[in-house]
K.L.:
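Below is a structure I'd like to ask you about.
The structure presented is a predicted model; accordingly, all values stated were derived computationally and were not measured.
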Amino acid sequence: MIRFDIISIFPEIFDSYFKVSLIDKAQKKKLIKVKIHDLRKWATDKHHIIDDRPYGGGIGMVMKLEPIYKAVNEIKKLKKTTKRKRKIILFTPRGKSYHQKTAYNISKLDHVIMICGRYEGIDERVAKYIADVELSIGDYVLMGGELAAMVVVESTARLIPGILGKPQLLGERTTKDKGFIEYLQYTRPEVFKPRPNRSSKARGVKNWRVPKILLSGDHKKIAEWRAERRKIINK
Ligand code: ADE
């Protein structure tokens with residue numbers, strides 16, 4: 001069972017998300033464990049201060065090293081595993097880009113510890129001495145790593161057999177990089193008649209139809225068609 005530990009100064013951010021999603025079901029089925037930790041718990045002073053002024057001057061505050069150091073050391077002990085099967089991730093926009101391949105690699109681990117810094121500043125020694133890897137979920141700047149942590153848990157967890165309600169596509173589970181996008185899907189109605197002029201993208205198309213091949217009942221042809229479309233999508 002893979003264990004995710006998330007360290008944050010805004011632990012409430014995760015409440016509803018992890019409660020209502022498949023992640024909750026997966027936890028009940030003991031397929032994964034997700035635990036959110038309030039970083040302030042490891043701040044020793046009576047006000048639970050986790051940031052301080054930057055050395056050398058400048059605006060804003062910097063997240064302190066010691067609470068994160070203590071948190072990570074304590075959390076490491078929560079799961080018995082090897083160094084190879086554990087990763088300590090720091091979220092930052094300058095980090096390595098997060099891809100499906102990264103999700104795949106993470107899904108093979110035993111223990112994932114995630115540090116959500118507030119982006120404005122985190123003592124550089126966290127990246128240098130504590131984190132195994134810095135990850136970015138995209139080329140934009142968020143206010144902190146909390147959304148990134150949710151992205152990583154969700155995209156990783158769904159690769160673990162038994163978590164989704166359907167069998168995984170062979171290609172998806174085994175493909176380490178590209179080729180993870182499913183084929184095109186349709187459901188009823190077979191023909192949809194949009195109201196005229198409501199959709200500029202479909203101007204002039206009166207009937208939005210499901211491709212005929214899918215209605216043919218010829219499973220071999222359907223499989224071929226899907227494989228072909230999949231190739232096109234994943235190019
Ligand atoms: N923190 C701030 N921006 C981020 C990003 N794009 N990815 C991961 N963590 C972040």
Side-chain angles (χ1 to χ4, degrees), residues 1-21 23-24 26-28 32-81 83 85-96 98 106 109-157:
M1 181 175 68
I2 176 165
R3 180 182 170 115
F4 298 93
D5 283 286
I6 303 172
I7 304 166
S8 165
I9 51 169
F10 297 116
E12 318 81 45
I13 288 180
F14 299 92
D15 286 353
S16 68
Y17 178 73
F18 284 136
K19 240 177 253 150
V20 298
S21 65
I23 302 299
D24 183 51
Q27 291 205 74
K28 287 186 176 131
I32 60 169
K33 183 163 179 68
V34 184
K35 184 107 177 45
I36 316 296
H37 304 270
D38 186 346
L39 180 63
R40 289 182 202 280
K41 196 179 129 189
W42 287 278
T44 43
D45 67 292
K46 75 170 191 245
H47 299 296
H48 298 283
I49 290 171
I50 47 83
D51 54 6
D52 206 339
R53 283 174 313 199
Y55 275 120
I59 48 164
M61 299 289 270
V62 176
M63 277 176 80
K64 288 161 70 65
L65 165 69
E66 297 111 304
I68 296 174
Y69 174 78
K70 282 187 202 149
V72 170
N73 274 349
E74 208 173 307
I75 290 167
K76 270 185 192 170
K77 294 180 199 143
L78 297 176
K79 174 98 184 174
K80 227 177 124 83
T81 183
K83 248 184 144 177
K85 289 281 223 174
R86 180 182 62 218
K87 275 262 178 298
I88 299 160
I89 298 170
L90 173 66
F91 293 111
T92 101
R94 74 174 187 201
K96 243 174 83 179
Y98 184 74
I106 291 176
L109 297 172
D110 285 338
H111 196 190
V112 184
I113 302 173
M114 296 181 247
I115 306 163
C116 305
R118 297 315 287 168
Y119 170 62
E120 295 76 26
I122 177 161
D123 190 304
E124 189 57 30
R125 287 167 289 185
V126 174
K128 197 166 173 193
Y129 299 114
I130 298 176
D132 295 314
V133 62
E134 289 177 71
L135 285 186
S136 160
I137 59 159
D139 247 340
Y140 39 77
V141 180
L142 301 165
M143 288 194 273
E146 283 77 9
L147 286 171
M150 287 188 230
V151 166
V152 169
V153 173
E154 174 155 332
S155 52
T156 304

K.L.:
Is the closest side-chain heavy-atom distance between Lys35 and Lys79 below 4.5 Å?
P.N.:
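When only atoms from C-beta onward are counted, Lys79 and Lys35 do not touch, as no gap falls below 4.5 Å.
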K.L.:
Return yes when atom CG of Asp45 has more than 12 non-hydrogen atoms of other residues, nucleotides or ligands closer than 6.0 Å, and no otherwise.
P.N.:
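Yes - once you tally the heavy atoms of other residues, nucleotides and ligands closer than 6.0 Å, there are more than 12.
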K.L.:
Please list every donor-acceptor pair under 3.5 Å in which a side-chain atom of residues 52-68 meets a protein atom from a residue at least two apart or in another chain.
P.N.:
none

K.L.:
Using side-chain heavy atoms (C-beta onward) and a distance below 4.5 Å, is Ile89 in contact with Val112?
P.N.:
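Yes - at least one pair of side-chain heavy atoms lies under 4.5 Å apart.
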K.L.:
Who pairs with Glu12 by side chain to side chain donor-acceptor pair (under 3.5 Å), at least two apart in sequence or on another chain?
P.N.:
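Expected list: none.
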K.L.:
Let's go through Phe91 and Leu142 carefully: what are the C-alpha distance in whole Å and the side-chain angles of both, what is the deciding distance for side chain to side chain contact (heavy atoms under 4.5 Å, CB included) to 0.1 Å, and is it a yes or a no?
P.N.:
CA-CA 10 Å; Phe91 293 111; Leu142 301 165; over 6 Å; no
K.L.:
Between Asp51 and Ile49, what is the shortest heavy-atom contact and its length?
P.N.:
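Taking every non-hydrogen atom into account, O-CG2, 3.0 Å.
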K.L.:
Taking it one step at a time, do Ile115 and Val72 satisfy side chain to side chain contact (heavy atoms under 4.5 Å, CB included)?
P.N.:
CA-CA 9 Å; Ile115 306 163; Val72 170; 4.0 Å; yes
K.L.:
How long is the gap from CG on Asp110 to CZ on Arg86, to the nearest 0.5 Å?
P.N.:
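If I round to the nearest 0.5 Å, the distance is 10.0 Å.
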K.L.:
Nearest heavy-atom pair of Thr92 and Ser136: which atoms, and what distance?
P.N.:
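Closest pair (atom of Thr92, atom of Ser136, distance): O-CB, 3.2 Å.
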K.L.:
Dump the intermediate steps for side chain to side chain contact (heavy atoms under 4.5 Å, CB included) on Trp42 and Ile75, then the final yes or no.
P.N.:
CA-CA 11 Å; Trp42 287 278; Ile75 290 167; 4.0 Å; yes
K.L.:
Would a distance-only check, ignoring hydrogens and angles, find a side-chain to backbone donor-acceptor pair under 3.5 Å from Gln27 to Val34?
P.N.:
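Here the side-chain-to-backbone pair exists.
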K.L.:
Mind checking whether Ile36 and Phe18 have side chains closer than 4.5 Å, heavy atoms only?
P.N.:
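Ile36 reaches Phe18 side chain to side chain.
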K.L.:
Going by ring pair (Phe, Tyr, Trp, His ring centres under 6.0 Å), name the residues that satisfy it together with His111, two or more places apart in sequence or in a different chain.
P.N.:
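His111 satisfies ring pair (Phe, Tyr, Trp, His ring centres under 6.0 Å) with no residue once adjacent residues are dropped.
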K.L.:
Any heavy-atom pair between the side chains of Leu135 and Met114 that's under 4.5 Å?
P.N.:
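No - every pair of side-chain heavy atoms lies 4.5 Å or more apart.
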K.L.:
Can you name the nearest heavy-atom pair linking Ile9 to Asp38, along with the distance?
P.N.:
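Closest pair (atom of Ile9, atom of Asp38, distance): CA-OD1, 4.3 Å.
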K.L.:
Does Tyr69 OH have over 12 foreign heavy atoms under 6.0 Å away?
P.N.:
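Check fails, neighbour count at 12 or below.
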K.L.:
Please find the pair of heavy atoms, one from Ala149 and one from Cys116, that lie closest to each other, and give the distance.
P.N.:
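Closest pair (atom of Ala149, atom of Cys116, distance): CB-SG, 3.9 Å.
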K.L.:
What heavy-atom pair brings Ala127 and Glu134 nearest, and what distance separates the two atoms?
P.N.:
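Smallest interatomic distance, heavy atoms only, reads CB-OE2, 3.6 Å.
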K.L.:
Can you measure from OH (Tyr129) to CD1 (Ile88) and round to the nearest 0.5 angstrom?
P.N.:
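That separation rounds to 15.5 Å.
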K.L.:
For the residue pair Tyr98 and Thr156, what are the closest heavy atoms and their distance?
P.N.:
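Minimum heavy-atom separation between Tyr98 and Thr156: OH-OG1, 3.4 Å.
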K.L.:
Report yes if the side chains of His37 and Leu78 come closer than 4.5 Å at any heavy-atom pair, otherwise no.
P.N.:
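Sidechains of Leu78 and His37: in contact.
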K.L.:
Are Thr44 and Lys70 packed together at the side-chain level, in the sense that at least one heavy-atom pair is separated by less than 4.5 angstrom?
P.N.:
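Heavy-atom side-chain distance check passes, below 4.5 Å.
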K.L.:
Does the pair Arg118/Glu146 count as a salt bridge with the N-to-O cut at 4.0 Å?
P.N.:
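Yes, this pair counts.
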K.L.:
OH/Tyr17 to CD1/Ile23 distance, rounded to the nearest 0.5 angstrom?
P.N.:
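Those atoms lie 5.5 Å apart.
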K.L.:
A side-chain contact here means heavy atoms from C-beta on lying under 4.5 Å apart; do Lys83 and Asp132 qualify?
P.N.:
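Lys83 does not reach Asp132 side chain to side chain.
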K.L.:
Should Arg94 and Glu124 count as an ion pair when the cut-off is N to O under 4.0 Å?
P.N.:
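Yes.
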K.L.:
Should Ile106 and Lys87 count as side-chain neighbours, where that means a heavy-atom distance under 4.5 Å?
P.N.:
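When only atoms from C-beta onward are counted, Lys87 and Ile106 do not touch, as no gap falls below 4.5 Å.
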